[in-house]
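Have a look at the structure below, then the notes.
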Amino acid sequence: MTEYSTFRKTTWDPVIILTQIATVQCFGYSTFSVSMAILSLFSNVPLTPRLLFDARMARSDTVEGWAVSLALVSMGLANIAPLVYMVERSRLCIDFAVTFTAVHVILVWWHMGAPPTSLLWWLCVAVSGFLMAVGGRAACLRREMLPIAIRSFMPNHPVERQQVGAT
């Protein structure tokens, strides 16, 4: 019988997966809140949860609407960081980006009591999800391609002997 490698062994652990989903969701909403707090300094937008969970707030005819739209897109960009450091696998980044976007759409739908109808909101959410998926995948691939330090200090290794003898 052939024994398989245990390098990067994947196991089904729903607790870890749900924790990662919750972490990415919380990080995204925190980023949205910080973005809106900064943008409210320039646009006098009152900070309420409605900005995040009401799709009618993303409008193209007011400064408040553009601020919400910009914060929605920045939420997707900022979520690249938890994908790199929490998920760590490039092949899972797209899954987590789609999950984040789906959970957000469901929460907005639940808060509004009806499906979102704002075309600008859908565009911002789609751009945010796309940037999160592509950016997260690229960043995770880059991190996965970093060299792995395998060799530790071995005094009998010829290269180590030369370096130890030179000092």
Give me each pair satisfying side-chain hydrogen bond (donor to acceptor under 3.5 Å, both in side chains) with a member in residues 58-71, each pair once, sequence neighbours excluded. Arg59-Asp61
List in chain and number order the residues that pass side-chain hydrogen bond (donor to acceptor under 3.5 Å, both in side chains) with [X], two or more places apart in sequence or in another chain; answer none if no residue qualifies.
{"X": "Gln25", "value": "Tyr29"}
{"X": "Arg143", "value": "none"}
{"X": "Arg56", "value": "Asp54"}
{"X": "Thr99", "value": "none"}

Worked check of side-chain contact (heavy atoms from CB on, under 4.5 Å) between Leu52 and Met57: CA-CA 8 Å; Leu52 178 61; Met57 299 304 290; over 6 Å; no
Heavy-atom pair of closest approach, residues [X] and [Y]:
{"X": "Glu144", "Y": "Ser90", "result": "OE2-N, 3.0 Å"}
{"X": "Phe32", "Y": "Val68", "result": "CE1-O, 3.9 Å"}
{"X": "Leu51", "Y": "Leu47", "result": "CD1-CA, 4.0 Å"}

Partner residues of [X] under the side chain to side chain contact (heavy atoms under 4.5 Å, CB included) criterion, sequence neighbours left out:
{"X": "Ser30", "value": "none"}
{"X": "Ala97", "value": "Met132, Ala133"}
{"X": "Val127", "value": "Val73, Leu123, Leu131"}

For the [atom1] atom of [X] and the [atom2] atom of [Y], what is their distance to the nearest 0.5 Å?
{"X": "Leu72", "Y": "Trp122", "atom1": "CG", "atom2": "CH2", "result": "12.0 Å"}
{"X": "Thr48", "Y": "Phe53", "atom1": "OG1", "atom2": "CZ", "result": "11.0 Å"}
{"X": "Thr101", "Y": "Phe130", "atom1": "OG1", "atom2": "CZ", "result": "12.0 Å"}

Non-neighbouring partners of Arg142 that pass salt bridge (charged side-chain N to carboxylate O under 4.0 Å, His left out), sequence neighbours left out: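 Listed in chain order: nothing, the list is empty.
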Just jot down the salt bridge (charged side-chain N to carboxylate O under 4.0 Å, His left out) partners of Asp13, sequence neighbours excluded, or say none.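 If we apply the salt bridge (charged side-chain N to carboxylate O under 4.0 Å, His left out) test to Asp13, skipping adjacent residues, there are no hits.
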Identify all side-chain donor-acceptor contacts of residues 74-87 below 3.5 Å with residues at least two apart in sequence or on another chain.
residue	atom	partner	partner atom	Å
Ser74	OG	Ser35	OG	3.0
Ser74	OG	Leu70	O	3.4
Ser74	OG	Ala71	O	2.9
Asn79	OD1	Gly28	N	3.3

Show the numbers, then the answer: is there a side-chain contact (heavy atoms from CB on, under 4.5 Å) between Leu141 and Arg89? CA-CA 8 Å; Leu141 275 173; Arg89 303 289 299 273; over 6 Å; no
Would you kindly confirm whether Val125 and Val134 end up in one hydrophobic cluster when ILVMFWY residues are joined by side chain heavy atoms under 4.5 Å apart?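 Different hydrophobic clusters.
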Show which side-chain atoms of residues 107-120 pair as donor or acceptor with protein atoms under 3.5 Å away, not counting sequence neighbours.
residue	atom	partner	partner atom	Å
Ser118	OG	Ala58	O	3.2
Ser118	OG	Trp121	N	3.3

